[in-house]
Protein chains: 2
Amino acid sequence: MKTREKIISVSLKLFSNYGFAATSVRQIAAAAGIRESSIYNHFHSKDEILIELIKNHSQLNPVREILNEELLDKLSNPVDFFVSFSEELLKKWSLPEEVQFTHLILSEHFRNIGELKISISILFEETRKIVKLILTEMKKNKLIEDEVELLTEEYLTPLFFIRLEKMTLLPIDQSIFDLAQKHSRFFWQNVKRR
Amino acid sequence: MKTREKIISVSLKLFSNYGFAATSVRQIAAAAGIRESSIYNHFHSKDEILIELIKNHSQLNPVREILNEELLDKLSNPVDFFVSFSEELLKKWSLPEEVQFTHLILSEHFRNIGELKISISILFEETRKIVKLILTEMKKNKLIEDEVELLTEEYLTPLFFIRLEKMTLLPIDQSIFDLAQKHSRFFWQNVKRR
DNA sequence: GTCTATACCGCGATAGAC
DNA sequence: GTCTATCGCGGTATAGAC
């Protein structure tokens with residue numbers, strides 16, 4: 001791993017554990033196996049490490065990747081689709097780097113670092129767009145009849161809340177996946193055209 | 001206001017703005033209108049200010065106070081009740097000190113300060129208990145039939161998420177109350193015994 | 001691009017007079 | 001219970017050799 005990537009990687013871990021302000025450049029350097037001053041060959045400041053870290057993360061591993069063919073095939077059976085989609089979301093969110101990233105964004109939410117405004121919405125924007133797309137399609141096909149905006153929130157917010165409240169503490173338990181499944185079934189039961 | 005209360009009050013504001021670690025005892029002293037060293041006549045350390053602040057807040061202004069008679073009278077018409085209850089919750093959460101407290105808990109969530117473990121759940125435990133009580137009663141009276149645990153989460157998590165995502169930035173907009181009302185109607189529409 | 005050495009500052013906390 | 005004065009540490013960041 002290149003030094004720059006190494007710095008970003010250990011910084012994510014440290015920021016997530018201790019918070020951005022409470023993490024020192026010295027700690028980062030030690031964890032990256034270099035001297036403090038060498039950090040400044042890669043970043044102009046501690047702030048810049050955070051900014052680059054967040055920019056990087058938002059581009060790598062996009063949520064849409066979990067929408068593979070296998071999952072899209074299930075769209076003909078919506079309850080199956082929502083159950084599986086929820087599970088894939090939770091699986092993605094349970095990856096260590098995702099847990100760390102969630103932790104970091106929460107702890108710095110609505111703080112302004114240079115030009116960057118950190119907000120919880122960073123964690124969920126893309127997922128919202130995807131679900132809105134899917135529900136819009138379902139509405140066109142008369143599978144559902146309520147407002148797409150409302151349904152998107154009704155489906156996603158319980159999952160989002162699981163991410164924020166229950167998935168920021170490892171290890172992640174099977175019961176969390178059970179919760180998500182129950183919610184998904186309840187959701188479809190209520191919104192399908194009767 | 002006594003000095004001790006003043007310190008707690010300005011600390012909440014500062015911690016919520018800059019984060020606990022990034023707020024200095026000097027800033028607190030300046031905002032409280034005293035010298036740094038005088039802080040230590042009231043608290044043994046900066047950590048202790050945070051601990052006392054959180055302990056205090058959890059005891060003052062309990063959620064159950066919003067369950068006044070007027071609201072309880074509406075229980076005979078559940079959709080009215082849930083709409084009003086949601087509105088009262090949001091009103092409470094929109095008070096400046098509540099917004100600041102939310103901000104603080106989020107930014108320090110799952111950090112351990114001395115013996116105190118900070119968690120998002122602090123923000124929601126009491127509300128969950130109250131709603132569970134109400135739904136249990138409704139189930140006894142055959143107004144609903146689904147599992148109380150599931151319904152509690154289905155009703156509350158969208159509201160909780162509004163608090164975390166939308167109410168940590170002032171000013172708070174009428175559209176947020178509209179969202180909550182839509183959700184409350186949708187919820188009751190789906191859970192009432194058919 | 002890494003190192004050693006160091007500048008300079010603000011931090012939390014304490015001592016002791018009033 | 002407030003103040004002035006001060007301590008010692010650890011913080012970010014830079015200079016300049018290799």
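The sequence lines fix the lettering, A, B, ..., with proteins before strands; numbering per chain opens at 1.
Spacing between atom OH of B/Tyr18 and atom P of C/dG10 amounts to 16 Å, rounded to whole angstrom units. Taking atom CD on A/Glu48 and atom P on D/dT14, their separation rounds to 12 Å, with Å as the unit. Rounding to whole angstrom units, NZ of residue B/Lys46 and P of C/dT14 are separated by 15 Å. Atom CZ in B/Phe43 sits about 12 Å away from atom P in D/dG1, given to the nearest Å. Computed from coordinates, the B/His42 NE2 to C/dT14 C1' distance equals 16 Å when rounded to whole Å. Per the geometry, CD1 belonging to A/Ile7 stands 15 Å off C1' belonging to D/dT12, to the nearest Å. In this structure, A/Ile39 places its CD1 atom 14 Å from P of C/dT4, rounding to the nearest Å. Regarding B/Leu14, its CG atom lies at a distance of 16 Å from the C1' atom of C/dC11, rounded to whole Å.
For the pair B/Lys46 and B/Phe20, the cation-pi test (distance below 6.0 Å, angle within 45°) is passed. A cation-pi arrangement is present between A/Arg163 and A/Phe124, with the terminal nitrogen or guanidinium carbon under 6.0 Å from the aromatic centre and inside a 45° cone about the axis.
The shortest distance between the side-chain N/O atoms of B/Ser24 and the OP1/OP2 oxygens of C/dG10 is not below 4.0 Å.
A salt bridge does not link A/Glu125 with A/Arg128: none of the charged nitrogens is closer than 4.0 Å to a carboxylate oxygen.
Heavy atoms of other residues, nucleotides or ligands lying less than 6.0 angstrom from CD of B/Glu70 number 12 at most.
Using a 4.0 Å cutoff on non-hydrogen atoms, the parts of residues 26-36 of chain A near DNA chain C are A/Ile34, A/Arg35, ordered by number.
Note on residues 135-158 of chain B: pairs passing ring-ring contact (aromatic ring centres under 6.0 Å, His included), not counting sequence neighbours, are B/Phe82-B/Tyr155, B/Tyr155-B/His183, B/Tyr155-B/Phe187.
At distances below 3.5 Å, not a single donor-acceptor pair connects side-chain atoms of B/Lys92 with backbone N or O atoms of B/Glu65. B/Ser107 contributes a side-chain N or O that, together with a main-chain N or O of B/Leu104, makes up a donor-acceptor pair within less than 3.5 Å.
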Find every protein N or O atom lying less than 3.5 Å from an N or O atom of nucleotides 16-18 of chain C, and list the pairs.
none

